[in-house]
Student: 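Next up is a structure, given as structure tokens.
Order of the sequence lines sets the chain letters (A, B, ...), proteins ahead of strands, with each chain counted from 1.
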There are 2 protein chains.
Amino acid sequence: MNHTSHPSGTPTVPAAPAAPTAPGVRQAQKQQTRRALLDAALGLLEQQNLSGLGVREVTRAAGMSPAGFYRHFPDLSALGVVLVEESLANLHDMFRAVFAESGGAEQLIDRAVEVIAAHVREHRAHVRFLARERHGGVREVRGAIAAELRSFAEEVAAAPAVRQVTEGWPAEDVRMLAELYVDRMVSTAAAFVEASPEEGERIARTVRLQLRLISTGSRHWNGS
Amino acid sequence: MNHTSHPSGTPTVPAAPAAPTAPGVRQAQKQQTRRALLDAALGLLEQQNLSGLGVREVTRAAGMSPAGFYRHFPDLSALGVVLVEESLANLHDMFRAVFAESGGAEQLIDRAVEVIAAHVREHRAHVRFLARERHGGVREVRGAIAAELRSFAEEVAAAPAVRQVTEGWPAEDVRMLAELYVDRMVSTAAAFVEASPEEGERIARTVRLQLRLISTGSRHWNGS
DNA sequence: AAAGTCGGCAAACAGTTGTTTACTGAATGG
DNA sequence: CCATTCAGTAAACAACTGTTTGCCGACTTT
């Protein structure tokens, strides 16, 4: 994170020799190192837990001085909160992507598994972080994740494809079905995140079968 | 962990004044402080992660000197391994207790929820530990837990109540159903472990419904 | 072009950590 | 009863931790 040195590199190209520092450069640099801190933390959290992370460890991985950390976060838990928010926002996008287009149960299931796989491919560190801290040592974090998952369940319960099959059900039954779907999807993402490609294929087949079984059960559900 | 003091208490009852130290006293005392270490660690792990635990922390909680730790374990990870083994052995007992007596699907479901609740009541710390480290920061521990859960799934697949309904199914379908049951039961235990009594009642109702839905799905399953 | 803001740094602070050392005294076995 | 074993101890070790301090120099505003 050395924005300073600039050791007279490439004296040619005088087009922007000492660029008049258009306003906003400072804030941009700050955001850049802030992101470097977040990414460094995410990287370390691949093999560690949030409750065991250290300030010096993070700054070292980000290539900056320990003191610089406090220009961005008052605490390590503050950084953790940001990571939770990012991860949950991404996961929310994933859920919306699954239920964006409607279609038959079969197509919805195939689409769900594809979207989950793509999400893990693109946000591996975030997903691993969520899986790890969902039952991790920080109560505040666990609570935030649990609350967001409940909200996802409500969203799933309100999705057209689900409403169609749960028409006339008592509210509690609808909720348990939605929670079942959410839990299965999150667990699947967590399973994808640390699986080799061939294991991933097996997991995908398994979860497709499981979602189909749940779908079958819901179509034959009698509220007794 | 002071087995020493013995300040000449109750001079009456000379039956065993300075008991001739029947053989085995030493080993018994050792096992006792070893257990104290394990219990102290389990206690600390209620609010912390295995990867963030410290030797001094554990010995302090157990009321003994840091150096004494190394008379029992070479490492903190060695202690962690023991905790994993204990927790998984207990969980194994739980699964066997669920499928011990056979009966109709309804009775099996009710029995399962009761057994899970009782297990959590009696082994709260162990269950929390498993939930936390199942996706925790220690690869070795994650692997051990995953392997054991797979073996539980095989056991569930072989249970009479399950074999009855999966007669004629392809092996892969049987496995996905068994894994679905195992995952739901473990997740339920994890949910119980940090829930107030009234939340616990809601969780119990929800999981009963979900297990019934899965059971319904399996009875209407067509392998297509 | 001068004055001010502020992100990042080196250094220092007091505590903590894991692990080893030599030791003590009770349990053990002859 | 005496010699041996050995669980637990206190002290010391270097290495590490979170956080604060004063400072510098590049960005920003006037």
Side-chain angles (χ1 to χ4, degrees), chain A residues 1-9 16-41 44 48-80 138, chain B residues 1-9 16-41 44 48-80 138:
Chain A
M1 291 310 95
N2 230 357
H3 313 299
T4 63
S5 49
H6 208 293
S8 67
T21 66
V25 173
R26 209 174 208 161
Q27 188 137 343
Q29 286 177 341
K30 180 166 184 178
Q31 292 304 91
Q32 204 178 30
T33 75
R34 183 185 139 104
R35 183 106 294 275
L37 284 172
L38 290 167
D39 288 342
L44 291 170
Q48 217 170 144
N49 266 110
L50 183 57
S51 60
L53 205 61
V55 173
R56 287 187 117 103
E57 209 178 351
V58 173
T59 55
R60 196 184 311 131
M64 65 184 296
S65 159
F69 176 86
Y70 298 96
R71 301 281 184 204
H72 300 270
F73 307 97
D75 242 3
L76 247 180
S77 68
L79 183 147
V138 189
Chain B
M1 294 305 96
N2 231 355
H3 313 298
T4 65
S5 48
H6 206 293
S8 68
T21 66
V25 174
R26 207 166 209 174
Q27 188 137 343
Q29 285 178 341
K30 180 166 183 179
Q31 292 306 91
Q32 203 178 32
T33 74
R34 183 186 138 104
R35 182 105 299 274
L37 283 172
L38 290 167
D39 289 341
L44 291 170
Q48 213 169 151
N49 265 110
L50 183 57
S51 60
L53 204 62
V55 172
R56 287 187 119 103
E57 209 178 350
V58 173
T59 55
R60 197 183 309 131
M64 66 185 294
S65 159
F69 176 86
Y70 298 96
R71 301 281 183 205
H72 300 269
F73 306 98
D75 242 4
L76 247 179
S77 67
L79 184 148
V138 188

Student: So does A:Thr33 get a side-chain nitrogen or oxygen closer than 4.0 Å to the phosphate oxygens (OP1/OP2) of C:dG7?
Tutor: no
Student: Atom NE2 of A:His72 to atom P of C:dG7: distance rounded to whole Å?
Tutor: 7 Å
Student: For the pair made of NZ in B:Lys30 and C1' in D:dA7, what is the distance, rounded to whole Å?
Tutor: 7 Å
Student: Respond yes when some side-chain nitrogen or oxygen of A:Arg60 is under 4.0 Å from OP1 or OP2 of D:dT17, and no when none is.
Tutor: yes
Student: Taking the side chain of A:Arg71 as its heavy atoms from C-beta onward, which of C:dT21, C:dG7, D:dA7 lies nearest to it?
Tutor: C:dG7
Student: Would you mind reading off the distance between B:Tyr70 atom OH and C:dA22 atom C1', rounded to a whole angstrom?
Tutor: 17 Å
Student: Using every non-hydrogen atom in the two residues, find where A:Leu76 and A:Gly54 come nearest and quote the distance to one decimal.
Tutor: CD1-C, 3.4 Å
Student: Taking atom C1' of D:dA10 as reference, at what distance in whole Å does atom CZ of B:Arg56 sit?
Tutor: 11 Å
Student: Atom CG of A:Leu37 and atom OG1 of A:Thr59: how far apart are they, to the nearest 0.5 Å?
Tutor: 7.5 Å
Student: Does OP1 or OP2 of D:dA26 have a side-chain N or O of A:Gln29 closer than 4.0 Å?
Tutor: no
Student: Give, for atom CD of B:Gln29 and atom CZ of B:Arg26, the distance between the pair rounded to the nearest 0.5 Å.
Tutor: 8.5 Å
Student: In whole Å, I'd like the distance from the CG atom of B:Leu79 to the C1' atom of C:dG18.
Tutor: 15 Å
Student: When you compare the side chains of A:Ser77 and A:Asp75, does any donor N or O come within less than 3.5 Å of an acceptor on the partner?
Tutor: yes
Student: Between A:Ala28 and A:Ala67, which is nearer to the 5' end of DNA chain D once each is assigned its nearest nucleotide?
Tutor: A:Ala67
Student: Tell me which nucleotide among D:dT19, D:dG8, C:dT19 gets nearest to the side chain of B:Pro66.
Tutor: C:dT19
Student: I need the CZ-C1' distance between A:Arg26 and C:dC6, as an integer number of Å.
Tutor: 4 Å
Student: Tell me the interatomic distance from A:Gln31, atom CD, to C:dG8, atom P, rounded to whole angstroms.
Tutor: 10 Å
Student: Take A:Arg71 and A:Arg34 through the test side chain to side chain contact (heavy atoms under 4.5 Å, CB included) and record every step on the way to the result.
Tutor: CA-CA 9 Å; A:Arg71 301 281 184 204; A:Arg34 183 185 139 104; over 6 Å; no
Student: Can you work out whether B:Gln27 or B:Glu57 has the more 5'-proximal nearest nucleotide on DNA chain C?
Tutor: B:Glu57
Student: Please determine, for the side chain of A:Asp75, which listed nucleotide (C:dT19, D:dT9, D:dT19) has the closest atom?
Tutor: D:dT19
Student: For A:Phe73 and D:dT20, give me the distance from atom CZ to atom P, rounded to whole Å.
Tutor: 16 Å
